[in-house]
Each structure stands twice: as C-alpha cells, then as structure tokens.
Amino acid sequence: MDSTTHRNKTISGLKWNLIDQVYGQGLTFLLGIALMRLLNPEEFGLIGMVTVFSGFLNVFSDFGLSTSIIQKKDITDSDTNTIFWMNCLLGSLLSAILFFSSSYLAAFYKEPKLELLAQVLSLSFLLSSLGSIQTALLRKHLSYKKLFIFSVISTTIAGGTAFVMAYMGFGVWALVAQQLLNTGVWTLCVWLTTNYFPSIEFSMSLLKKHLKFGIPLFGSNTFSYWISNGDNILVGKFLGAQALGLYSRAYTLVTLPTHRLSGMLSTVMFPSFSYISDDKERVQSMYLKISRFMASLIFPLMGVLCITAKQVVILLVGVQWIPIIPIIQVLCGVAAIKSINILNNNVLVSQGRTDLDFLLNVISGVFILLCFFIGVQFGIFQVAIAYLIGMLIVIFPAWYFTAKQIECTMQKVIFNILPQFTILVLLSITGVIINNTYFYNSNHIISLTINTSVFIIVWI
C-alpha cells in the first residue's frame, strides 16, 4: 500500500467511524436519558457493580492477541485460527469464572440481587470471544463501513429492547438484556458477513509470538482498566448502590461524547500508526495534528457541558438527578484530559513499545487508585476532584515518553494544545460564575441557549 492509498483508507476509516460514533452516541445518549427517567439510581448502581468486575475479566478475554493481529503486517490463516480458538477458550473460562464467583460478588457489595445478575451476564464473554477475530480483521483492513452497519444493527436492537423492557417494569433486567443483545447481535453480524471462518488448527509457536507482543499490552490494559473503574469499585463498596448509581451516570453523561469521539479516532489511528511506524516524521506529524483536532473538538464540548450542567440535568433527566450536577462539572475536566491522552497509548503500541506502555500504566494506575481511595473517604464529589488532580499529574510522563518515541519534544506536544486548554479553563470558570450569578433561577431552556451560544462565539 503506497502513501496515497494509505492516506485515503485512513480518511475513509475516519469518516465511517465518525458516522458510526455520531449515530451510536446519539442513540446511546437518547436511550440513556430515557432509561434514567424509567429507572432509579439504585438500579443503575446494581448493574454498575456487576459490570465493574465483568469489565475487568474482559481485559483477560484475549491477552492483547487481537491487537497483535492488527499490528503484525503479515498474517496467515494459521495466525488467525490459533488466536480464534485461544479466544474461545478464554471466553468460556471467563464465563465460568463470573458465573461461579457471583455469590462472592454479592457478598462483597452486600447486595444479594447481584448473584443472579452476574450469572446471566457471564454469557457475554462467550458471545464476545466468538466474533473477536472477525472484528480485528475488519479493523486491520480499515473496513469501517461494515463496522458502522454492524453497530447500527446491534445498538438499535439492544437499545430498543432495553427501552421496552424498562417501560414494562423489568427494572435492572432491561440493562442486562441491553448488554447481552449488543454483544450477541454484533457477533452474529460479523459471522454472517465476513469471509473468515475458522479451521481446526492451532500453533503453539505462533501463539507464543503473539503473546510476546500481547502480554505487555494486556498488563497495560489491566492497569488502565483499574484507572477507569477503581472509582466505581470504591464508591460501590464504601458508599453503596445509590451513590454508585449517581456517580456512574454522571460519568457516563460526561464521557459518552468524548469516549465515542476519542474511541473513533483511536481505533482508526492505531492501525494507521502501525503501518507507518518506521517513518517517525510522519507519525509525529499525524500525532500532533490529531491531538490538536481532538482538543479543538472536545474541549469546547466539555466547556459547554460544565457551564450548563444544571440546565442539562434538569431538562433531560429531572430534578431527582440534581445531586450529579457538581460531579458532572468536575468530570468534564477529566474527560477533556483523557480524550487527548488516548493517542499516547496508540503511538507507543504502534511503535512496538508495549513494555513502556505497560510501565506507564502501572505507575499511573497505582497513583490514580490512591487518589480514588483518598477521595472516597469524603464522598462522591471528592472522588471526582481526586480523579481530576490525578489525571492532571499522570499525563505529563505519558507525553514525555510518547514524544521521545517519535523523535519529538515534550514542549512541542504541550504547546500543540496549550491555546485550547487555556481558553477552556478560562471560559469554563467564568461561565460557571456568570451562570450561577445571573441565570440560576432563570428559565432553563433560555439560559441553556444563551450560555451555549456565548461560549461557542467566544471560543471561535
């Protein structure tokens, strides 16, 4: 593939992934709002308690083997068959682990309802493992148009079913059905529409080669997971299901747009970075441009949400969710930082430095978990504050080592987004003060419109 073809395929991948994320984000957001009106914080807290641990087990689902398929330039049928059967074995094992440990999970949180919920959700690991290789191959070849279609089908079916079940009074089981259907329908789509079908073949020597790449990445993903979910575990354990429901919904509302957008760029840019990994200058140029683009797109979005959090919450989900307003405002800063940090991981892994990525995640993971533990002693708002402080600190070593790998300087990386970051902080602080002073008791629709318009005009 020459540079022009590579560029065109990358742009095409970004286009279809953007369409996918916009659709997925819009539908997920609307369904989330609808479900928040039909379900209470405790029910979201219960599903959050299960998904924290099922999500952790999901880190073990392929030991980074699917990513190895994407990163390796020459892939044979023996490679894909070996990793497919390994993933199926891991998926079956993880399903069994969650099923038989469900009683311990319920005892840990002192919530008896969790046992049956965990047992049913354990099926998701097996369903996911069956389609992991097909999905990895589609991403390797930047076939994001197909992935978009699969996302439309799975998200629509799963979300629609969850809404109907919640409306009919099934409670937390609507959220369980949504997760299982999302995974199951996706797997069915990739099996019906891709050309890959596994053969009975397994090579231990090939598996070892892929594990050499994947195990450090697996370790890195493990610590990244605890960074992202340590707050949920501690909030659920020390503050209960009600507090976890409030905190997790605030986090979801804030990170939904940033997670979708950054995830969209990440899934496309990793194979793109991997293909040109030997050309440091091209990688550096692409990294800086995408970082600046992310900052220009996500920072103002988070600024608007921070300023108008009260109006957004009351208008969308009702006064019963007012306690999440200050949490949303703080987490906007967390989401802004995380959105520009995700490319660091992409660059390090594409350069084959999974060992360095793992080391950085170990150090930052331990530090962030310490911040969570301190914050949870005081309340859910303080957990959000601790998260923001921790992210502000750990991003600097990530920038330094990423820049070093692509023959760049840390100063260049920082100044690349410094204007956007400075404007975000100044506008957000000023906007919150003005909103609380002059628009606190105003009509919510009018104040939301005015604050959003003024922010966007000043930002531009």
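We number each residue from 1, following the sequence as shown.
- Listed by first and then second residue, the side-chain hydrogen bond (donor to acceptor under 3.5 Å, both in side chains) pairs involving residues 101-120 are S102-Q119 (not counting sequence neighbours).
- Looking at Q329, its side chain does come within 3.5 Å of a backbone N or O of C306 through a donor-acceptor pair.
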| Chi angles and distances behind the side chain to side chain contact (heavy atoms under 4.5 Å, CB included) call for F202, M86 | CA-CA 8 Å; F202 191 89; M86 184 63 186; 4.3 Å; yes
| said: Applying side chain to side chain contact (heavy atoms under 4.5 Å, CB included) to L331 and V334, what does each step give before you reach the verdict? | reply: CA-CA 5 Å; L331 290 178; V334 174; 4.1 Å; yes
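- For the side-chain hydrogen bond (donor to acceptor under 3.5 Å, both in side chains) criterion with D231, the lone passing option out of Y251, Y247, Y387 is Y247.
- A heavy-atom distance below 4.5 Å is found between the side chains of V176 and L121.
- No side-chain heavy atom of I340 sits under 4.5 Å from any side-chain heavy atom of I298.
- Distance alone, capped at 3.5 Å, places no donor-acceptor pair between the T183 side chain and the L180 backbone.
- No donor-acceptor pair under 3.5 Å is formed between the side chain of S285 and the backbone N or O of R282.
- Between C371 and A386 the shortest heavy-atom distance is O-CB, 3.2 Å.
- The closest side-chain heavy-atom distance from L369 to V366 is not below 4.5 Å.
- Using modelled atom types, no side-chain atom of Q420 and backbone atom of A295 make a donor-acceptor pair closer than 3.5 Å.
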| message | Working note: S129 + L90, criterion side chain to side chain contact (heavy atoms under 4.5 Å, CB included); need CA distance, chi angles, decisive distance, verdict. | response | CA-CA 8 Å; S129 67; L90 290 171; over 6 Å; no
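- In terms of heavy atoms, P323 sits closest to L246 at CB-CD1, 4.3 Å.
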| Trace of the side-chain hydrogen bond (donor to acceptor under 3.5 Å, both in side chains) decision for N87 with S132 | CA-CA 8 Å; N87 284 350; S132 59; 2.8 Å; yes
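- The CZ atom of F299 sits 12.0 Å away from atom SG of C332, with the distance rounded to the nearest 0.5 Å.
- The heavy-atom pair separating G240 from M49 by the smallest distance is C-CE, 4.0 Å.
- Listed by first then second residue, pairs satisfying side-chain hydrogen bond (donor to acceptor under 3.5 Å, both in side chains) with a partner in residues 41-51 number zero, not counting sequence neighbours.
- Crowding of Y167 atom OH: a count of heavy atoms from other residues, nucleotides or ligands under 6.0 Å not exceeding 12.
- W191 places a side-chain N or O within donor-acceptor distance of the main-chain N or O of L130, the cut-off being under 3.5 Å.
- S95 places a side-chain N or O within 3.5 Å of a backbone atom of S122 that can act as its donor or acceptor partner.
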| request: Report the C-alpha separation of I325 and F381 in whole Å, then their side-chain angles, then the decisive distance to 0.1 Å, and conclude whether the side chain to side chain contact (heavy atoms under 4.5 Å, CB included) test is met. | output: CA-CA 10 Å; I325 293 172; F381 176 71; over 6 Å; no
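- Counting only distance, with no hydrogens or angles, the side chain of T156 and the backbone of I153 share no donor-acceptor pair below 3.5 Å.
- Between F125 and L93 the shortest side-chain heavy-atom distance does not fall below 4.5 Å.
- Heavy-atom neighbours of Y400 OH from other residues, nucleotides or ligands within 6.0 Å: at or below the threshold of 12.
- Of all heavy-atom pairs spanning S248 and G245, the tightest one is OG-O, 3.3 Å.
- Interatomic distance, CH2 of W399 versus CG of N416, reported as 9.5 Å (0.5 Å rounding).
- Other residues, nucleotides and ligands contribute more than 12 heavy atoms inside 6.0 Å of the CZ atom of F108.
- The minimum heavy-atom distance linking A166 with L39 is given by the pair CB-CD2, 4.2 Å.
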| Stepwise, does the side-chain hydrogen bond (donor to acceptor under 3.5 Å, both in side chains) test hold for T135 with W186? | CA-CA 9 Å; T135 302; W186 176 278; 3.0 Å; yes
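- The closest side-chain heavy-atom distance from L234 to V383 is not below 4.5 Å.
- With rounding to the nearest 0.5 Å, the separation of CG in L94 from OG in S124 is 9.5 Å.
- Using a distance-only test at 3.5 Å, with no hydrogens or angles considered, a donor-acceptor pair links the side chain of S364 to the main chain of L360.
- Partner of L46 under the side-chain contact (heavy atoms from CB on, under 4.5 Å) criterion, chosen from L175, L114, L244: L114.
- Put simply, the side chain of Q134 does not reach to within 4.5 Å of the side chain of T193, judged on heavy atoms.
- Taking OG of S203 as the reference point, atom CH2 of W85 lies at 15.5 Å (rounded to 0.5 Å).
- Considering all non-hydrogen atoms of both residues, M391 and I368 come closest at N-CD1, 3.7 Å.
- With rounding to the nearest 0.5 angstrom, the CD1 atom of I406 is 14.0 Å from the CZ atom of F401.
- Using a 4.5 Å heavy-atom cutoff, the side chains of M302 and V254 are in contact.
- Considering only heavy atoms from C-beta on, F372 stays 4.5 Å or farther from V235 through its side chain.
- Here the straight-line distance linking atom CH2 of W321 with atom CG of L253 works out to 8.5 Å at 0.5 Å rounding.
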